[in-house]
Number of protein chains: 2
Amino acid sequence: MAIDRKQNIIDAATKSFSLFGYKATTIEQVAKLANVGKGTIYTFFKSKEDLLDEIISSVIVEIKETAEHAMDPDRPFLENAHRALYRIAEFRKQHPLTIKLLQEIRDIGTPAVQEVMKRLDRAIIAFIREKIDNAIKKGEIRNCDSEITAFLMLKMYIALNFDWEKEHEPLPKEKIAELFELYFLKGLSK
Amino acid sequence: MAIDRKQNIIDAATKSFSLFGYKATTIEQVAKLANVGKGTIYTFFKSKEDLLDEIISSVIVEIKETAEHAMDPDRPFLENAHRALYRIAEFRKQHPLTIKLLQEIRDIGTPAVQEVMKRLDRAIIAFIREKIDNAIKKGEIRNCDSEITAFLMLKMYIALNFDWEKEHEPLPKEKIAELFELYFLKGLSK
DNA sequence: TTTTGACCATTTTGCTCATTTAGTCATTTT
DNA sequence: AAAATGACTAAATGAGCAAAATGGTCAAAA
């Protein structure tokens with residue numbers, strides 16, 4: 001056992017961050033869980049924050065893959081955008097690490113966690129933006145500021161998936177798809 | 001002097017809340033500022049929270065009036081919606097009380113303040129919703145869920161006016177109007 | 001060369017106690 | 001009689017501090 005020490009550490013840290021949050025997990029705890037000495041962690045990561053950073057980098061890759069998988073090149077852009085964003089929202093809602101870290105931001109606002117989640121958002125926006133740029137190039141949608149559009153799309157999904165539920169019944173997937181189509185595709189004009 | 005004691009108290013409290021925040025203003029401070037005894041405050045308001053509540057109620061009225069004023073019955077609905085929402089966003093950005101209270105929510109998360117600002121949001125959404133319902137009735141826009149649409153419109157304005165600025169240059173008024181038109185009126189379809 | 005845990009400087013925590021605060025009410029003022 | 005008041009109380013807050021915990025280092029061990 002204990003072959004890939006770095007992966008062991010990452011796994012242990014991910015588990016602990018998901019369970020107790022970033023602030024409440026200690027490096028010693030991670031070392032114990034990973035069956036390595038505390039010093040070993042610092043041969044792979046330059047700080048606790050750096051450890052979290054690397055973990056989030058994998059999450060970003062994972063999210064991008066999930067979103068990419070949900071898309072189908074034969075379907076229209078807006079449908080793919082919805083599928084991707086919906087999967088991204090699902091991921092956030094279901095992944096123990098993102099759940100815990102977002103909760104930690106709300107409850108204690110740990111700066112390192114805020115920073116890292118901002119980076120996650122930026123990565124998602126960059127991903128969506130790329131898709132928008134492609135769709136514009138292909139003439140699938142009208143020309144628009146892809147950065148702002150990606151930003152607004154993500155905001156809309158977060159609003160519908162997380163904020164709406166604070167005061168109302170959760171919206172079913174179909175309703176969200178319908179709303180996305182209405183506002184980003186058709187508009188309210190008759 | 002000291003004619004309308006209740007108004008004095010409200011004025012003093014508004015000033016103090018705007019300057020120091022809700023948590024950091026004491027009832028005694030308000031009493032001093034208003035030139036009344038502490039007990040007098042409790043003949044008009046049943047608690048500190050109730051005092052804040054009444055102040056926010058006036059703010060709600062004020063915001064509604066400002067928004068109403070910005071609208072012109074001869075212009076199309078979407079233009080009016082933009083004008084109203086833009087004014088509402090401006091108000092939030094410029095009114096010392098809302099600035100301070102929103103900052104207090106970010107910094108220390110005072111529960112009473114969170115509650116009261118939620119109420120403000122609900123009032124704005126209700127206001128917009130009414131306008132949407134009217135526009136639907138008059139056939140100005142296509143039928144839609146007015147509650148969700150109002151919710152999304154406000155979210156979009158907050159996103160463009162407050163969240164966008166955290167990572168980018170502020171968007172000029174015209175750009176925001178253009179984006180609003182694009183997404184809520186026309187959509188991205190060609 | 002890689003791994004390790006004792007070690008160090010700094011933070012965080014748990015605790016006490018004095019101060020402050022929201023709210024009450026008997027007394028004073030009008 | 002009605003309205004206003006501020007001394008008072010119970011509860012909350014926060015300053016101050018000792019003890020414990022924590023992130024990170026590094027000389028020794030493997």
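So you know, we letter chains A, B, ... as the sequences are listed, proteins then strands, and number each from 1. Everything numeric here is computed off the predicted structure, so don't read it as measured data.
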Please work out which of the three classes, parallel, tilted or perpendicular, describes the rings of B:Phe17 and B:Tyr22, given edges at 30° and 60°. tilted

What is the separation between atom NZ on B:Lys38 and atom P on D:dC8, rounded to the nearest whole Å? 13 Å

Are A:Thr43 and C:dT2 close enough that a side-chain N or O sits under 4.0 Å from OP1 or OP2? no

Strictly below 4.0 Å, N to O, side chains only: are B:Glu178 and B:Lys175 in salt-bridge contact? yes

Could you state the CG-C1' distance from B:Asn8 to D:dA4, rounded to the nearest angstrom? 14 Å

Rounded to whole angstrom units, what separation is found between the CD atom of A:Glu28 and the P atom of C:dC7? 13 Å

Using a heavy-atom cut-off of 4.0 Å across all strands, would you classify B:Thr40 as base, sugar-phosphate, or nothing? base

Walking DNA chain C from its 5' end, the first of B:Thr25 and A:Gly39 to be reached, judged by nearest nucleotide, is A:Gly39

Output yes when at least one side-chain N/O atom of A:Lys48 is less than 4.0 Å from OP1 or OP2 of D:dG23, else no. yes

Kindly assign one of parallel, tilted or perpendicular to the pair A:Phe180 and A:Phe184, based on the angle between their ring planes and the thresholds 30° and 60°. tilted

Side-chain N or O of B:Arg5 less than 4.0 angstrom from OP1 or OP2 on D:dA2? no

On the 0 to 90° scale, with breaks at 30° and 60°, tag the A:His82-A:Tyr157 ring pair as parallel, tilted or perpendicular. tilted

Just the rounded figure in Å: distance from P of C:dC25 to CD1 of B:Ile41. 18 Å

Nearest-nucleotide pick for A:Ser47, side chain only, options being C:dT24, D:dG24, C:dT13: D:dG24

Looking at D:dT5, D:dG24, C:dT21, which one has an atom nearest to any side-chain atom of B:Val36? D:dT5

Rounded to whole Å, the CD1-P distance (B:Ile27 to D:dT9) equals 20 Å

Within this structure, what is the CD-to-P distance between A:Glu49 and C:dT11, rounded to whole angstrom? 15 Å

Let me know which of B:Thr110, B:Leu120, B:Val113 forms a side chain to side chain contact (heavy atoms under 4.5 Å, CB included) with B:Leu101. B:Val113

How many Å lie between OH on A:Tyr22 and P on D:dT22, as a whole number? 14 Å

Check the distance between C:dA22's C1' and B:Gln29's CD and give it to me in whole angstrom. 14 Å

